[in-house]
Amino acid sequence: MDRIWFKNPLAVFTATGDDASGGVVVEGAQIVEIVAGGGTPVHGHDQVFEAGRHVVLPGLINTHHHFYQTLTRAWAPVVNTPLFPWLTNLYPVWARLTPRDLELATTVALAELLLSGCTTAADHHYLFPTGMESAIDVQVEVARWLGVRVLLTRGSMTLGERDGGLPPQSTVQDPDVILADSERLIRTYHERGPGAMVQIGLAPCSPFSVTREIMRDTAALAEQHDVRLHTHLAETIDEEDFCREMFGLRTVDYLDSVGWLSSRTWLGHGIHFDDEEIARLGAAGTGVAHCPSSNMRLASGIARTVELEAAGVPVGIGVDGSASNDASNMILEVRQALYLQRLRYGAEQVTPERALGWATAGSARVLGRDDVGTIAVGQQADLALFTLDDLRFSGSHDPLSALLLCGADRADRVMVAGQWRVVDGAVVGLDLPELITVHRAAAARLVGSTR
Ligand SMILES: [Zn+2]
């Protein structure tokens, strides 16, 4: 097996504080050595990759997404709505989703993520109308084909309009069907241990679309099979009001009451917490996926990331679904996090390194992984390499800051588990123009337009 030395990068961010300015040595799927400035690999190498034009990052890790939503980006009826009307307008459109639609949407989302330096992606898929029983199976196939590491969550909705929930009745499922399918997916696909490429998690959608019973039963099933739990929580004040009216509880009390306040759980958004709730989440080790673009787009609020972290909460970054971002671009999302969080905490506390730390080591913790998210010996060889050759970087000085401040939006090269998945800014083996043509047609059909 060849040992490749990524020699003397323009800059490198390890997410550990260690110096790797002399480069990184990769063998097979793993990082086997990091080289300090001015040094050479101690254990030898067979190949040299001259990295003098590249800023090297640990592959970025996306902690919250809904891949299927790439089919409903910038849809006029919901461009200017907050979360609840945004959802009630979109549910009937999403209810028409087919397996082929999801295959295309997943390919688009994962290709976009790869091109933006992402190597591990979580998805939250909760739509299983009749005919969509194979949704997660379809997603596994696409992820394996593209070679992206994924944590696919089997979502669910059980609380329809008839019972006081938000989603239409046609999109909710019977709890027994959900639990049986969850178990099937874990048994069929979930990989354990370092280097896992496909993992399964369980993810009832949100307090306003599931019953307490399915929350409790899902937590028990996750415990039994040792898989992760995910849901949306504390995204908007509307949601908080719903919880008070429906369950007589604030969101974190509700989470606790259904057995979810644990380190197995990570939450999408996590915005509206008070001080006591932040302390409880920290003590439990419950993670938060910060989704700045979506939170700004829907005017949901600003997550309290620095206080969450100080309390012990793992904090990661998520692009969120493409109907509320509407881009699946991880490096741009890190820029959004940097700027949004500066509005809350000031420029000194929220540095580019801190924002990049959320999207790498922080996101890895959120997803319960210790084999990715940093550049260190023994870690998976998941790397994102950016050049600063574009016009937008001309005249910039500090290379790492320039990535975020000048708005890098595309990686030059991306490696996952030692395999090149992006080369010269293109996804290896993917016909992008063809994908865009068929995906656009599927999107038009889904919203009922003939454009
Ligand atoms: Zn979401």
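Remember, it's 1-based here, ligands and their atoms both numbered in the order they're listed.
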TODO: Report yes or no: does H64 have an N/O/S atom closer than 2.8 Å to the Zn ion (ligand 1)?
DONE: yes
- [ ] Kindly confirm whether the Zn ion (ligand 1) is within less than 2.8 Å of some N/O/S atom in C291?
- [x] no
Open item on the list: Any side-chain to backbone donor/acceptor pair from R149 onto V198? Under 3.5 Å, distance only.
Closed with: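 Here the side-chain-to-backbone pair does not exist.
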TODO: Taking the Zn ion (ligand 1) as the reference point, name the nearest N/O/S atom of D320.
DONE: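 Among the N, O or S atoms of D320, the one closest to the Zn ion (ligand 1) is OD1.
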Open item on the list: Checking one value in my table: which N/O/S atom of H66 lies closest to the Zn ion (ligand 1)?
Closed with: NE2
Open item on the list: If we count only N and O atoms by modelled type, under 3.5 Å, do the side chains of S363 and T63 hold a donor and an acceptor together?
Closed with: no
- [ ] Compute both the distance and the angle, then confirm whether R154 meets the cation-pi test with F128: under 6.0 Å from the six-membered ring centre, within 45 degrees of the axis.
- [x]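 That pair qualifies as a cation-pi contact.
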Open item on the list: Please determine whether the number of non-hydrogen atoms from other residues, nucleotides or ligands lying under 6.0 Å from atom CD of E141 exceeds 12.
Closed with: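 Check fails, neighbour count at 12 or below.
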